[in-house]
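Sequence lines set the chain letters: A, B, ... in the order given, protein chains first and strands last, and positions in each chain run from 1.
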Amino acid sequence: MAAISAPRGTRDILPAESWKWSYIINTASQTMRDFGFSEIHLPIFEHTELFSRGVGETTDIVEKEMYTFEDRGGRSITLRPEATAGVMRAAIENNLCVQGASAKLWNWGPMFRHERPQKGRYRQFYQIDAECLGIAGAGADVEIISLSIEIFRRLGLKNLEVVINSVGCEKCRPVYRQKLIEYFDSHKDELCETCLTRLERNPLRILDCKNPSCGRVADGAPDIYDSLCDECKEHFSEVRAGLERLGFTYTLNKRLVRGLDYYTKTAYEILSGALGAQNAVAGGGRYDNLSSAVGGAKIPGVGFACGLDRVMLVMEEQGCDFGEMPKTDVYVAALDDDARGAAQILTYELRKNKIASACDTAGKSFKAQMKIAGACKFACIIGADEIANNTVSIKDMRDGSQVNISMSDAVEYILGRD
RNA sequence: GUGAGUGUAGCGCAAUUGGUUAGAGCUUCGGAUUGUGGUUCCGGCGGUUGAGGGUUCAAGUCCCUUCACUCACCCCA
């Protein structure tokens with residue numbers, strides 16, 4: 001029988017890599033704390049409706065990428081394809097934003113989308129997610145964008161590009177949408193096949209098309225900034241002013257539309273040239289209509305999602321620092337089988353004192369044990385002589401020096417020496 | 001969902017125009033005069049060449065099918 005493999009688009013994060021992931025998450029976690037965001041833990045599956053209504057029926061995610069199944073109670077359940085809808089659901093359900101209260105929340109974990117895997121794209125992928133709920137003003141947008149930039153700054157990512165846009169609100173977007181439909185309708189013969197269907201369902205997405213012919217048509221399309229209502233214009237200029245005040249450089253991209261329906265006003269992405277075709281390490285924006293789309297009271301929100309898998313790729317590519325790989329500090333070697341018991345006792349004693357230590361449990365020879373100890377700071381050696389005198393020989397593996405001391409002094413000696 | 005490329009030991013690779021028993025390196029394990037690691041030397045383990053079928057006297061090598069991986073389209077983190 002053939003061995004079972006991990007499903008396509010999933011992978012194991014092995015010990016050689018996992019500590020680097022911890023470093024990224026710890027760095028993000030500390031940054032979140034510094035920005036006043038609290039961690040929230042959410043379910044990994046939700047009612048399918050949350051996403052079909054929240055993310056949008058016409059989006060690619062809902063139309064063809066969700067892992068949806070019926071549970072044993074006959075409910076339609078979906079593995080979360082993104083985090084924002086779940087955060088909003090939790091805020092509504094737990095009354096986090098009633099009576100004018102706001103909430104700054106972050107979380108990280110796996111997301112699921114059924115797509116063909118490629119560089120930087122997996123079916124189970126990991127995101128760090130931050131959401132600021134209950135604040136309509138541009139200050140929140142600036143806080144979110146600066147937070148994502150600061151995480152990358154701390155991680156040491158280089159050559160990032162921040163791209164921003166405004167996609168309007170429920171008042172002005174329909175007006176712009178209508179203008180676009182009229183414009184593209186008169187250039188139908190120059191559009192690709194998928195854009196012809198977009199014309200019906202989601203004309204904004206044509207702006208995003210990479211087909212050269214569509215691109216040329218889009219170049220002449222009406223400018224969204226001419227259609228923005230006064231409130232959206234004002235909001236957008238405040239966001240830009242806020243970013244400039246903090247000294248950030250960014251580029252404007254009228255074509256930045258994003259594939260999720262819930263975005264209003266601000267949309268932004270952070271791109272890295274170190275990746276392949278999937279070059280966004282983070283993306284987000286404002287979503288003032290999401291709460292009502294999923295059946296709650298009106299709660300404005302702004303947030304971002306950061307692709308951990310891609311951050312990892314960029315950091316490896318750019319040789320970023322991950323700190324030190326955790327390792328065992330002390331190895332307790334038993335010279336013969338009679339000493340194994342004493343070695344276990346000393347190892348546990350060290351561990352109780354929070355000294356990372358290990359001893360052999362696989363029946364390895366003394367020589368093999370010393371080989372392993374070579375990767376540690378100290379080797380504690382126990383043989384017949386040590387047992388007879390209730391002592392332990394402690395060798396500093398970095399300089400080769402060795403002492404024989406009373407067993408009861410071992411912990412203190414090691415703590416004092418390092 | 002579409003296209004292209006790649007599958008040989010745990011890992012990264014080699015094997016003439018199809019030609020004997022598929023090879024080194026790294027890793028791992030063991031040893032180098034009975035209690036001491038990293039370097040060095042010696043040795044062992046390790047492969048149904050992704051799987052299945054076909055052509056041939058002969059297939060890792062050629063053909064078909066299938067699976068997996070990779071990259072790209074699409075879309076997005």
Worksheet item: Is the NZ or CZ atom of A:Arg286 positioned over A:Tyr262's six-membered ring, under 6.0 angstrom from the centre and within 45° of the axis?
Response: no
Discussion item. What's the gap between B:rC74 and B:rA4 when it is taken at their C1' atoms, as a whole Å value?
Written reply: 16 Å
Worksheet item: Could one point to a donor on the side chain of A:Gln118 or the base of B:rC74 with an acceptor on the other under 3.5 Å away?
Response: yes
Response to the item:
A:Glu115 CD to B:rA77 P, in whole Å, measures 10 Å
Discussion item. Please verify the inter-ring angle class for A:Tyr126 with A:Trp108; under 30° counts as parallel, over 60° as perpendicular, anything in between as tilted.
Written reply: tilted
Discussion item. Checking base pairs now: Watson-Crick or wobble, both atom distances under 3.5 Å. What partners B:rC69?
Written reply: B:rG5
Worksheet item: A:Arg8 side chain N/O closer than 4.0 Å to the phosphate oxygens (OP1, OP2) of B:rC69?
Response: yes
Worksheet, complete the sentence: Here the distance between atom P of B:rC74 and atom CG of A:Asn279, to the nearest Å, is 12 Å
Response to the item:
In whole angstroms, the gap separating P of B:rG1 from CZ of A:Arg121 amounts to 13 Å
Discussion item. Taking pairing as Watson-Crick or G-U wobble with both contacts under 3.5 Å, can you name the mate of B:rU20, or confirm there isn't one?
Written reply: none
Item to complete: Inspect the contact between A:Glu150 and A:Arg153 and indicate whether a charged nitrogen and a carboxylate oxygen are less than 4.0 angstrom apart.
Response: yes
Item to complete: Can you tell me the pairing partner of B:rG37 across any strand shown, Watson-Crick or G-U wobble, with both distances under 3.5 angstrom?
Response: none
Discussion item. Does the protein touch nucleotides 27-43 of chain B at the base, only the backbone, or not at all? Give it as B, S and - per nucleotide, heavy atoms under 4.0 Å.
Written reply: --SS----BBBB-----
Discussion item. Please give the distance between the P atoms of B:rG43 and B:rG53 as a whole number of Å.
Written reply: 40 Å
Item to complete: May I ask you to say what A:Arg11 touches in the nucleic acid, namely base, sugar-phosphate or nothing, with a heavy-atom cut-off under 4.0 Å?
Response: nothing
Worksheet item: Does A:Arg240 make a cation-pi contact with A:Phe236 (under 6.0 Å, within 45 degrees of the axis)?
Response: yes
Discussion item. A cation-pi test, strictly: NZ or CZ of A:Arg11 under 6.0 Å from the centre of the six-membered ring of A:Tyr122 and no more than 45 degrees from its axis. Yes or no?
Written reply: yes
Worksheet entry | Atom-to-atom span, CD of A:Glu161 to P of B:rA77 - whole angstrom | 17 Å
Worksheet item: Paired with B:rU49 by Watson-Crick or G-U wobble geometry, both distances under 3.5 Å: which nucleotide is it?
Response: none
Worksheet entry | Partner nucleotide of B:rU56 by Watson-Crick or wobble geometry (both distances under 3.5 Å) | none
Response to the item:
Separation of B:rC11 atom P from A:Asp12 atom CG, nearest Å, is 14 Å
Worksheet, complete the sentence: Here the distance between atom C1' of B:rC74 and atom NZ of A:Lys119, to the nearest Å, is 19 Å
Worksheet, complete the sentence: A:Leu271 atom CG is separated from B:rA77 atom C1', nearest whole Å, by 11 Å
Worksheet, complete the sentence: As its Watson-Crick or G-U partner within any shown strand, both distances under 3.5 Å, B:rU28 has B:rG44
Item to complete: Check whether the side chains of A:Thr58 and A:Glu63 place a donor and an acceptor atom closer than 3.5 Å, and report yes or no.
Response: no
Practice prompt. May I ask you to decide whether A:Lys327 forms a salt bridge with A:Asp329, counting only side-chain N to carboxylate O separations under 4.0 Å?
Written response: no
Item to complete: Output, in order, the C-alpha distance, side-chain angles, deciding distance and verdict of side-chain contact (heavy atoms from CB on, under 4.5 Å) for A:Asp223 and A:Lys254.
Response: CA-CA 8 Å; A:Asp223 191 328; A:Lys254 297 172 197 172; 2.8 Å; yes
Worksheet item: A:Asp60 CG to B:rC74 C1': how many Å, rounded?
Response: 7 Å
Worksheet entry | Strand partner of B:rG12, provided both Watson-Crick or wobble distances fall under 3.5 Å | none
